[in-house]
Asks: 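Would you mind keeping the following structure in view while I ask a few things?
Values below: every heavy atom of this structure, side chains too, minus hydrogens, waters and symmetry copies. Here the structure is a predicted model, which is why all the values come from computation and not from measurement.
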Number of protein chains: 2
Amino acid sequence: MVAGPLPTPSGPGKDRLRLWIRLLRASRTIEAELRERLKKEFNTTLPRFDVMAALYRAPEGMLMSDLSRFLLVSNGNVTGIVDRLVSEGLVARARRNGDRRTSMVRLTEEGVRSFAMIAAAHEGWVGELLGNVSEDEARRLTGMLTSFRSNWEGRE
Amino acid sequence: MVAGPLPTPSGPGKDRLRLWIRLLRASRTIEAELRERLKKEFNTTLPRFDVMAALYRAPEGMLMSDLSRFLLVSNGNVTGIVDRLVSEGLVARARRNGDRRTSMVRLTEEGVRSFAMIAAAHEGWVGELLGNVSEDEARRLTGMLTSFRSNWEGRE
DNA sequence: ATATAAAACTTTAAGCTTGAAATAATTTGC
DNA sequence: GCAAATTATTTCAAGCTTAAAGTTTTATAT
């Protein structure tokens, strides 16, 4: 849904539709640029970066279900991404004694080192790509987005 | 990149990073909900909807390359989606006399009817999902997003 | 004219994504 | 204790996505 159904929609509710289209186009444009740079500079992907970022925040590890809930993606999806990260030695699964259904997933030492480097570049890129948003404006926008995010928290 | 590298980043440039994370989470949350409803209510997908929306705006048709540029996705991607829409009778390709490399892609009559129905529901959903954003706030947010979109237009 | 380059698409391989079905382990209700 | 339900995860099929390589057609430069 990058496009609106009509060139310039108007009428009740059209302002929200237009907002949604802009929001989506903005995030897709930035996302595409970040994905390209991750590939070119670090030979990695956005989903891998997402998973590693989540794990970096949780040194003690996360359950697969926590990961998928946090990343807003399906369970099966995370399985595949983690599989690949494990095969590259960036992530490790550890079976737990308590509950043998679950496995704690965490970054390896190499994973931590690797992510730290990528994250630093990533932050710089975002700063660059959003360079024409002033810090003040960024805070205000963030506030507005947060306010309507709260309507969604815990939904299902 | 739904997650930040640290729970609460702070320092120079962190406001833009936080904005980006919020932007991405907001659009992914809404996107996921719309995708689910498109599937449940109309047995279709977001990419199909995107393509049809673009074609609905252009009754005379669009070139494949125009479509992919407009939708911000790769050429090969559009080929597959259009293939499926053609096989379902919603879209038609028409070879042009002038340049035999290109084909004009357009909605069929059934495609137009189908899209009109889906688009009406879609607009309602967006209105609902962004219900707690006032119309005025929506216009202001749209303006802010547009201003930094302009930095990207025509980039490559 | 004719090679060369450019343009418009399609194809391909690898990976991402979902929803649904399948497995396995744990918890709950009798 | 044991069947039934629940929970955590993986597997699967279908479709989406990209970048790169391949095809066909058109434009350009000798």
Side-chain angles (χ1 to χ4, degrees), chain A residues 1-2 27-29 31-52 61-88 91 93-105 156, chain B residues 1-2 27-29 31-52 61-88 91 93-105 156:
Chain A
M1 237 147 349
V2 151
S27 65
R28 284 197 184 172
T29 303
E31 213 176 329
E33 183 67 23
L34 293 175
R35 181 170 38 233
E36 195 178 324
R37 294 188 186 194
L38 282 172
K39 178 70 177 176
K40 279 212 166 63
E41 306 288 329
F42 298 103
N43 193 38
T44 190
T45 66
L46 214 42
R48 275 170 164 90
F49 181 85
D50 285 352
V51 166
M52 294 181 78
M62 283 178 92
L63 299 180
M64 292 297 282
S65 42
D66 293 337
L67 260 178
S68 75
R69 191 167 22 255
F70 181 72
L71 298 176
L72 307 174
V73 299
S74 67
N75 259 338
N77 186 357
V78 178
T79 298
I81 297 166
V82 166
D83 282 351
R84 276 169 229 117
L85 289 171
V86 167
S87 77
E88 291 169 26
V91 159
R93 283 186 232 243
R95 279 231 130 31
R96 287 198 303 174
N97 293 342
D99 187 333
R100 279 179 304 187
R101 290 171 300 183
T102 66
S103 62
M104 277 307 232
V105 180
E156 217 84 7
Chain B
M1 237 148 348
V2 151
S27 65
R28 284 197 183 171
T29 304
E31 213 176 328
E33 182 68 23
L34 292 175
R35 183 170 36 234
E36 196 178 324
R37 294 188 187 194
L38 282 173
K39 178 72 178 174
K40 279 211 167 65
E41 306 287 329
F42 297 103
N43 193 38
T44 190
T45 67
L46 215 41
R48 276 170 164 90
F49 182 85
D50 286 351
V51 167
M52 294 182 78
M62 285 177 90
L63 298 181
M64 292 297 282
S65 41
D66 293 336
L67 259 177
S68 75
R69 192 166 24 253
F70 180 72
L71 296 175
L72 306 174
V73 298
S74 67
N75 258 337
N77 187 357
V78 178
T79 296
I81 297 167
V82 167
D83 282 353
R84 276 168 228 117
L85 289 172
V86 167
S87 78
E88 291 171 24
V91 160
R93 284 187 232 243
R95 280 230 132 28
R96 287 197 305 173
N97 294 341
D99 187 334
R100 277 180 306 187
R101 288 170 302 183
T102 65
S103 61
M104 277 305 231
V105 180
E156 218 87 2

Asks: Identify the two heavy atoms, one from Leu72(A) and one from Thr29(B), that lie closest to each other, and give their separation to 0.1 Å.
Replies: CD1-OG1, 3.6 Å
Asks: Can you spot which of Val82(B), Asp66(B), Leu63(B) makes a side chain to side chain contact (heavy atoms under 4.5 Å, CB included) with Val105(B)?
Replies: Val82(B)
Asks: Asp66(A) CG to dT7(D) P: how many Å, rounded?
Replies: 14 Å
Asks: Starting at CD of Glu88(A) and ending at C1' of dA14(C), how long is that distance when rounded to a whole Å?
Replies: 13 Å
Asks: Would you classify Asp99(B) as touching base, sugar-phosphate or nothing, given that sugar-phosphate means primed atoms plus P, OP1 and OP2, and contacts are heavy atoms under 4.0 Å?
Replies: sugar-phosphate
Asks: Is the phosphate of dT17(C), meaning OP1 or OP2, less than 4.0 Å from a side-chain N or O of Arg28(B)?
Replies: no
Asks: If you only use heavy atoms from C-beta on, which nucleotide in dC9(C), dT17(D), dT26(D) is closest to the side chain of Ile81(B)?
Replies: dT17(D)
Asks: Quickly work out the Asn75(A) CG to dA20(C) P distance and round it to whole Å.
Replies: 14 Å
Asks: Mapping Arg95(B) and Val73(A) to their closest nucleotides on DNA chain C, which lands nearer the 5' end?
Replies: Arg95(B)
Asks: Under 4.0 angstrom, heavy atoms only, what part of the nucleic acid is Arg96(A) near: base, sugar-phosphate, or nothing?
Replies: nothing
Asks: Identify the two heavy atoms, one from Ser68(A) and one from Asn75(A), that lie closest to each other, and give their separation to 0.1 Å.
Replies: OG-OD1, 3.0 Å
Asks: Can you see if the side chain of Arg100(B) gets near the phosphate of dT24(D) - specifically, an N or O under 4.0 Å from OP1 or OP2?
Replies: no
Asks: Please determine which of Asn77(B), Asp83(B), Thr79(B), Val78(B) meets the side chain to side chain contact (heavy atoms under 4.5 Å, CB included) test together with Ile81(B).
Replies: Asn77(B)
Asks: Could you work out which one of dC9(C), dT9(D), dA7(C) sits closest to the side chain of Arg101(B)?
Replies: dA7(C)
Asks: Does Ser103(A) have a side-chain nitrogen or oxygen under 4.0 Å from the phosphate oxygens OP1 or OP2 of dA8(D)?
Replies: no
Asks: Identify the heavy atoms of Gly61(B) and Met104(B) that sit nearest to each other, and give their distance.
Replies: O-CE, 3.8 Å
Asks: Find the distance Leu71(B):CG to dC9(C):C1' and express it as a whole number of Å.
Replies: 16 Å
Asks: Please list, for nucleotides 19-22 of chain D, all pairs of protein and nucleotide N/O atoms separated by less than 3.5 Å.
Replies:
none

Asks: Check every strand shown and say whether Thr79(B) touches a base, only sugar-phosphate, or nothing at a heavy-atom separation below 4.0 Å.
Replies: base
Asks: Output the rounded distance in Å from CG (Leu67(B)) to P (dA8(C)).
Replies: 14 Å
Asks: Counting any heavy atom closer than 4.0 Å, what does Arg48(A) reach on the DNA or RNA strands: base, sugar-phosphate only, or nothing?
Replies: sugar-phosphate
